[in-house]
Amino acid sequence: MLFQDGTFADVIARLRAAGDERDFDAAQMQLINLPEVIASVGSQWPKVKAKLGAASVSFLKGCLDETDVVIPAGDGFLIIFDKQADPAQLKARAEELRGLLLEFYRSQEELRELGLAVEMRRISSSDLRGLLSAPQAPSRTPPQHRMRFAPMWSPGPQAVASYACVPVFEDRSGERFGYDRGYAEEGENSHRDYCELDLRGLELVQKALQGYDLDRAVPAVGVSVHSTTMQNRLARSAFLERLARLPQARMKYAFVRIAEIENGAPLITLADWCGMLRARVRNILLEFHHSTQAPPNLSQIGVWGAGYRLPRSASREGADSSAVSLQFQRWALGLGRQRAVFFVDDLRRPGLIQLAAGAGARFITSDNFWPLLDTPGGVYGSPAPQGPTVSKPASVAG
């Protein structure tokens, strides 16, 4: 979603004061060619996005009658006409506004490729009140992501020597690791556009690499790219173009994690993605859903490693750890045969960390023991967290 609906207290007050239940005529304007614009501006998209939203609303308000309303909604705008008129006249007025806004976009270098589609709608007074007040409901507010660096602990040397730039968001239970809530539950993405978030992560990784003093021991840093960014041709092009700007002399300290790969993703698709990325970075990690098994043919596409994020339910006190432990062992064994490393994210109990380390996990993240950071830290030793041990099943047969 490009724009999030705002709260228009003055509009709501006016509607309530009017007290009528008539229908309103509205023009829904939808932006066209938005992915192309995002790809063309690259890392400047956050600034362009802010300019696009504010400037478009200001421009339209200047073209409308004082009693009309314009609302940013989705990837476009909803224009509500206060006065009743002939439908043909209102449609002609909407087309006129569309033409004026297109002229405005073409006068802006970064916006000139944008197009607009317009569709007339009828909205009841009660529906309009619901539309204007809906963003105030917490349950409808989308999670606000930010990128942070997760220390990656290695059981062998008992040390943190790498950091992954990963997305987190706040919900009712606090800070959560990941992009998509639907993926965490079902292994399927809601197909939101995460390209902007991925580009933000690239900026943070670039800043970290440029700041390295190579006379000292420096950690590896990984950037996260969502699988839907890799699926979309334009989003993928924007990410790859931006990835190519990372300082090449320091790319040996960088790696890429393809996040939240959907269940059943074809190996040939993963191979294509890895091939594109490997032209710019050597080491690639793949994140799958926790319900899957280690893919058997990853050696064919040359990935560095694979793993998954453990669901929060597995870290609750009293949760059965035997199935979790068995899966750790199966993944570590399956990837070990392919000479690929195994990682596990978001372990929140010492006992689970012990099980993952014992199974052969190469990297483990846990914000309970190695907190998320705004910038990557240094290389440092870190003993295994101590806590109650948990039972594990018999070892998986080799």
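The analysis underlying the following values was restricted to heavy atoms, covering all of them including side chains, and did not include hydrogens, waters or symmetry mates.
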Below 4.5 Å, heavy atoms only, C-beta onward: do Arg348 and Asp367 meet side chain to side chain? yes
Can you see whether Phe343 has Arg257 sitting over its ring - NZ or CZ less than 6.0 Å from the centre and within 45° of the normal? yes
Hey, are the side chains of Gln300 and Gln338 touching, using non-hydrogen atoms and a 4.5 Å cut-off? no
Assess the residue pair Glu95 and Arg98 against the criterion (salt bridge (charged side-chain N to carboxylate O under 4.0 Å, His left out)); give the C-alpha distance rounded to whole Å, side-chain angles, the decisive distance to 0.1 Å, and a yes or no. CA-CA 5 Å; Glu95 287 292 342; Arg98 172 181 171 273; 3.7 Å; yes
Exercise: identify the closest heavy-atom pair between Ala238 and Leu199: O-CD2, 3.9 Å
Pairs in or reaching into residues 151-163: which pass salt bridge (charged side-chain N to carboxylate O under 4.0 Å, His left out), with residues at least two apart or in two chains? none
Restricting to non-hydrogen atoms, name the atom on Phe255 and the atom on Ser162 that form the minimum distance, rounded to 0.1 Å. CE2-CB, 4.3 Å
Report yes or no: do Val223 and Met147 belong to one cluster of Ile/Leu/Val/Met/Phe/Trp/Tyr joined by side chain heavy-atom distances under 4.5 Å? yes
Assigning hydrophobic clusters by single linkage (Ile, Leu, Val, Met, Phe, Trp, Tyr; side-chain heavy-atom cutoff under 4.5 Å), is Leu78 placed with Ile32? no
Between Ser224 and Tyr179: side-chain donor-acceptor atoms closer than 3.5 Å: yes
Measure the shortest side-chain to side-chain distance between His226 and Phe239 over non-hydrogen atoms and say whether it is less than 4.5 angstrom. no
Heavy-atom donor-acceptor pair, Ser382 side chain to Ala159 backbone, under 3.5 Å: no
Judged by modelled atom types alone, do Ser291 and Tyr308 share a side-chain donor-acceptor pair under 3.5 Å? no
Which label fits Trp331 and Phe288: parallel for a plane angle under 30°, tilted from 30 to 60°, or perpendicular past 60°? tilted
Which pair of heavy atoms, one from Ala314 and one from Val324, lies closest together, and at what distance? CB-CG2, 4.0 Å
I want to check something: taking the side chain as every heavy atom from C-beta on, are Asp374 and Arg148 in contact at a cut-off of under 4.5 Å? yes
For Tyr163 and Leu372, indicate whether the former's side chain and the latter's backbone hold a donor-acceptor pair under 3.5 Å. no
Using every non-hydrogen atom in the two residues, find where Gly377 and Leu373 come nearest and quote the distance to one decimal. N-CD1, 3.9 Å
The single option from Ile258, Asp272, Val303 that satisfies side-chain contact (heavy atoms from CB on, under 4.5 Å) with Leu277 is Ile258
Under 3.5 Å: donor-acceptor pair, side chain of Asn33, backbone of Glu113: yes
Looking at Ser56 and Leu52, would you say the former's side chain and the latter's main chain have a donor-acceptor pair under 3.5 Å? yes
Any salt bridge between Glu96 and Arg93, counting N to O under 4.0 Å? yes
Give the minimum heavy-atom separation between Leu209 and Ala254, together with the two atoms involved. CD1-CB, 4.2 Å
Is there a side chain to side chain contact (heavy atoms under 4.5 Å, CB included) between Phe77 and Leu101? Walk through the geometry before answering. CA-CA 11 Å; Phe77 312 91; Leu101 189 54; 4.3 Å; yes
With a 4.5 Å cut-off on side-chain heavy atoms, are Pro350 and Phe369 touching? yes
Can you name the one residue among Phe149, Trp153, Phe363 that meets ring pair (Phe, Tyr, Trp, His ring centres under 6.0 Å) with Trp370? Trp153
